[in-house]
Amino acid sequence: MPGSGFDPIAAPYVEVALPVPLRRVFTYGVPEPLRGQLRCGSRVAVSFNRRKLAGVVVSGRDDLPDGVKRALTVAGLLEAEPVFSPELLRFLEQAAKYYMHPLGEVLRAAAPALPTGAMKRLRADGFLEAEESLPGQRVSHPTTWRIESTGRSTQGVRLGARQAAVMGLLGERGSLLLDELRRQIKDPRAVVRALADKDLVSFEEVEVHPDPFFRSPVKRDVPPAPNAAQQHAMDAIRDAIERRSAESFLLHGVTGSGKTEVYLRAIEEVRKEGAGAILLVPEIALTPQLVGRFRARFGDEIAVLHSALTTRQREDAWQSLRRGRVQVAIGARSALFAPVEALRLVVVDEEHDPSFKQDEGFRYHARDMALLRAQYAGAVCVLGSATPSVETYHRANEGRLRLLSLPSRATGATLPTVEIVDLRRHRMGPTGHPLLSRPLHAALGRCLDAGRQAILFLNRRGYAPSVRCVGCGALAECPACSVALTEHRGQAVLRCHYCDFRRPIAAPCTSCGENVYQQLGVGTEQLQQAVEESFPKARVARLDRDTASGQGVELVLDRLRRGEVDVLVGTQMVTKGHDIAGVTLVGVALADQSLAFPDFRAAERTFQLLAQVAGRAGRAETPGEVVLQTYQPEHPAIRLAAEHDYERFYAEEVEARREVGYPPFARLVGVRVHSGAEGDARRVSQHLADTARQHSAVREGAVQLLGPAPAPVARLRGRYHYRLLLKSPDRKLLRSVAALLAARIDAGLSPAHATLDIDPL
Ligand code: ADP
Ligand code: ZN
C-alpha cells in the first residue's frame with residue numbers, strides 16, 4: 001500500500017498499547033536491528049510483568065517519560081506490515097478515549113488474531129523467521145461441480161422425476177452446485193451426467209468456497225428502476241459521496257420500502273470511484289438473504305465477516321481488504337473495524353438494533369462508532385431503519401443527520417392490517433392453548449386454508465420459561481445464577497440461559513425431593529406443539545437458538561421460502577429482515593414481554609420489535625395480516641405499532657424522556673462491579689459511589705448518582721454483580737466524574753472487579 005501507511009519511526013523509543021486492563025500505554029526502547037523498521041500500527045512482542053505480550057506501536061518518542069530511568073526494549077516485530085492503517089488507528093484511539101477503555105484492549109478487539117506461532121518464530125535480532133520455512137501453509141479446497149443450464153428448451157425432452165427436479169431448480173437459480181443437490185436428490189452425479197448427455201446442462205469442476213456464505217452460486221440481478229423516494233435518497237447520498245463531504249444520513253423507510261436497494265446503489269457509487277464501503281448488519285447469521293442480494297449485485301467482490309469463519313478465513317478476508325483486493329466489507333458490529341482501503345461509505349442497516357452494542361469487554365456501540373469512523377475517514381455515513389432509535393431520530397430532528405424518507409413499500413404492497421387481541425378477555429383459545437386465542441386460531445385457519453404461510457413470534461425459547469415444584473412450591477433455579485431454569489422438553493432438561501447449566505427434568509426438586517413440576521409460562525417449543533396439535537395437517541417448523549445454529553438458519557428459511565413449511569414459530573430470529581413472499585400472516589403470541597424489562601428503553605424496544613415482525617407480513621401482492629396478542633392493549637408502544645405510526649410513537653416517547661431526563665436529553669455512564677463474594681461486591685460499589693461523591697458535580701447534583709444496587713441478574717456464573725449509574729445532561733462534567741472513577745479502578749479494587757460502561761443499553 002504505497003503512500004497509504006505510516007512512515008517508519010526513527011525515534012529511539014516507542015509507545016506500545018498492550019492488551020492489559022490499564023488505561024495507559026507503555027514505553028519501550030527500540031533495539032538497534034529494529035531501528036527504522038517499526039511503524040505506528042506495527043505489532044510487536046514485548047516483555048510485560050515477565051510475560052511476553054503482543055502489543056501495537058502507537059507512536060515514537062525521543063526520550064523516556066519523566067521519572068523513568070530505564071525501559072525494556074522491544075523483543076521483536078511480529079508482522080512486516082502494520083496491522084492498522086493510519087485512518088483506522090487514529091479512529092480506534094479516539095474510540096478508546098470515548099469509551100474510556102484501555103487502548104491495548106481496543107486494538108486487540110479490532111485486529112485479527114496473530115498468525116499462529118508468530119511469538120515463537122522471533123529470532124534473536126527481533127525479526128521473524130522466514131515465512132517459507134513454515135510447514136502446513138495453505139491447503140487446497142475440496143471440489144464439486146458447478147452446473148448451469150445450456151439454455152436449451154426441455155420442450156419435448158423426456159425427463160425423469162429427478163432430472164425434472166434439477167431442471168426446475170436451475171430455472172429458479174441459474175446455477176447450482178452438486179453438493180447442494182446431495183441434500184435433495186439421490187445420486188445427483190448420475191442425474192447431472194444424464195442431463196448433460198441430453199445437452200440440457202453443462203458442468204465444470206470448481207473449488208468449494210471455504211465460506212458457507214459463498215458456497216452456492218447466485219444469479220446476477222437486474223437492479224429495479226428506483227421509485228421517486230429512492231431516487232431522491234440515492235441522489236442525496238451520491239452527491240455527498242462525489243463532493244467527498246463526510247455527511248451523515250438517516251434513511252427512514254418502512255419495512256419493505258427498498259432501503260437495501262438504496263444501500264446497493266450507494267455502494268455501487270463508491271465502487272465506481274475505486275473506493276471502499278462497510279455495511280453493518282445486526283446479526284449476519286440471520287441474514288443470508290441479504291448477503292445473497294449483495295453477491296447478486298457485486299459478485300464475489302465482497303468480504304463477509306462473520307463469527308463462523310475460521311481464523312484462517314478471517315485472516316484471508318482481512319488481508320484482501322487491507323490490500324484493497326476487495327473493497328466492500330459486510331458484517332455484524334465488529335465489521336466496523338474492517339481495514340477497508342479508501343473508505344468512503346459506512347452503512348448501518350437496522351441502526352436501532354441493540355445487538356450493535358457490544359456487551360462485554362470493550363463495550364462500544366457500533367452505530368455510534370460508525371458515525372465516528374466515517375468522520376475520521378472523510379466518508380459518508382448512512383443509518384437505515386424502519387424504526388429508528390429515539391436517539392438517532394432526535395439527532396436527525398436537530399439537523400445533525402440529514403433525514404431521507406421512504407414512506408411506502410417499494411413493490412406497491414400495502415402495510416399489513418393489525419388486529420390487537422386482548423388476552424384478558426380471551427383467556428383460553430378454542431383448542432385449550434392459552435397463546436392461541438380464538439382470533440389468532442381463526443386467522444391461522446384462514447391462512448392455511450388459502451395455502452399461505454404464517455410466522456408466529458414469541459420471544460421465549462424452550463418449553464416453559466420456568467417450572468415450580470408441585471411438592472413445595474419452590475421455583476427451579478440455576479445453582480450459579482439468580483435466574484429460573486427453563487424447561488427444554490425435547491432434550492428432557494432444565495437449562496440456565498445464562499451459563500448453560502443443565503439438569504435432567506426427571507431429577508428431584510433440590511428443596512423437597514419431589515419430582516413433579518408445574519410449567520409456568522409458554523416458550524416457542526410449547527407454542528410449536530400447540531400449533532401442531534391445533535392444526536394437525538400443517539407443517540410447522542421452529543427457528544430459535546435451539547433449532548438453528550450457523551447454517552441451520554438458512555436451511556429453515558430456505559424451507560419456508562420453498563413452501564415446505566406452513567407455519568414458522570420462533571423467537572426474535574424470525575423478526576429480522578426476511579422477505580418471504582408467501583407469508584401473509586404474522587402472529588405475535590405475547591406482545592408485552594419486552595415491556596416488562598426494568599429499562600427506560602422497554603417501550604422503544606417493544607415498538608421496534610412489533611413493527612419489525614409485522615413488517616414480515618404481506619410483502620408481495622397478497623395483503624398481510626397481523627394478529628397481536630397482549631394483556632396491555634392500551635399501551636402506546638403496542639397501539640402505535642399496530643397503527644404503523646412511528647412519528648407519533650417517537651413524539652410521545654421523546655417527550656417522556658425529556659420529562660425524566662433520560663437519553664437523548666442526558667447521557668449515562670454505568671459502573672459494573674462484580675466479585676465472588678456478595679459482601680465484597682457491595683462494599684466496593686459503595687466505595688466507588690463514595691469516590692464519585694468526592695466530585696463536586698455529584699455533590700452539587702449536576703451529575704446524578706443512582707445506586708449502588710444489585711444488577712437485574714444479581715448472581716451470574718457464581719459471581720455477584722452490582723451497578724451504579726451516573727446521569728447528566730452535561731457531557732463534560734459526566735466524563736470528568738467517570739475519569740475519577742476510572743483512576744480509582746486502575747489503582748486496583750481487588751477482590752472485586754469494576755468496569756465502566758459509557759452509554760449503557
Ligand atoms: P427494505 O430494505 O426497506 O426492507 P428492500 O430493499 O428489501 O426493503 O425491498 C423490499 C422489496 O422491494 C424487495 O423485494 C426489493 O427487491 C423490492 N424493491 C426495492 N426497490 C424496488 C423498486 N424500485 N421497484 C420494485 N421493487 C423494488
Ligand atoms: Zn446459570
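Only this structure's heavy atoms are used, side chains among them; waters, hydrogens and symmetry mates stay out. Atoms within each ligand, like the ligands themselves, are counted from 1 in listed order.
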Handout entry: Centroid-centroid under 6.0 Å between Tyr393 and His252 rings
Key = yes
Problem - SG (Cys478) to the Zn ion (ligand 2) to SG (Cys481) angle, given to the nearest 10 degrees - result: 110°
Problem - Note: Arg271-Glu301 ion pair, threshold 4.0 Å (strictly below) - result: yes
Practice task
Please identify which atoms of ligand 1 are closer than 4.0 Å to at least one heavy atom of Asn227.
Solution key: 23 (N)
Handout entry: Pair Lys259 + Asp349, salt bridge at N-O below 4.0 Å
Key = no
Problem - Pairing of Arg495 and Asp546 as salt bridge, 4.0 angstrom limit - result: yes
Handout entry: salt bridge (Lys or Arg N to Asp or Glu O under 4.0 Å) between Glu391 and Arg601, worked out
Key = CA-CA 11 Å; Glu391 278 101 329; Arg601 287 194 178 87; 2.6 Å; yes
Problem - Close N or O approach (Ser257, ligand 1; < 3.5 Å) - result: yes
Handout entry: Salt bridge Asp235-Arg265, side-chain N to carboxylate O under 4.0 Å
Key = no
Completion exercise
With heavy atoms and a 4.0 Å threshold, my read on which part of Arg409 contacts ligand 1 is neither
Exercise for the section: Assert yes or no for the condition that the ring centre distance of His721 to His753 is strictly below 6.0 Å. Expected result: no
Exercise for the section: Check whether any heavy atom of Arg293 sits under 4.0 Å from an atom of ligand 1. Expected result: yes
Exercise for the section: Could you list which atoms of ligand 1 come closer than 4.0 Å to a heavy atom of Gly258? Expected result: 1 (P), 3 (O), 5 (P), 6 (O), 8 (O), 9 (O), 19 (C)
Exercise for the section: Any atoms of ligand 1 less than 4.0 Å from a non-hydrogen atom of Pro226? List them with their elements. Expected result: 23 (N)
Practice task
Could you see which bit of Glu350 sits under 4.0 Å from ligand 1, with heavy atoms only: side chain, backbone, both or neither?
Solution key: neither
Completion exercise
Taking only non-hydrogen atoms of Ala410 and a 4.0 Å limit, the atoms of ligand 1 in range are 12 (O), 18 (N), 19 (C), 20 (N), 21 (C), 25 (C), 27 (C)
Problem - Proximal ligand 1 atoms for Ala225, defined as those under 4.0 Å from one of its heavy atoms - result: 22 (C), 23 (N), 24 (N)
Practice task
Kindly confirm or rule out a cation-pi arrangement of Arg333 over Phe356, judged by NZ or CZ under 6.0 Å from the six-membered ring centre and within 45° of its axis?
Solution key: no
Handout entry: Thr255-ligand 1 polar pair, N/O distance under 3.5 Å
Key = no
Problem - Check: Gly256 N/O within less than 3.5 Å of ligand 1 N/O - result: yes
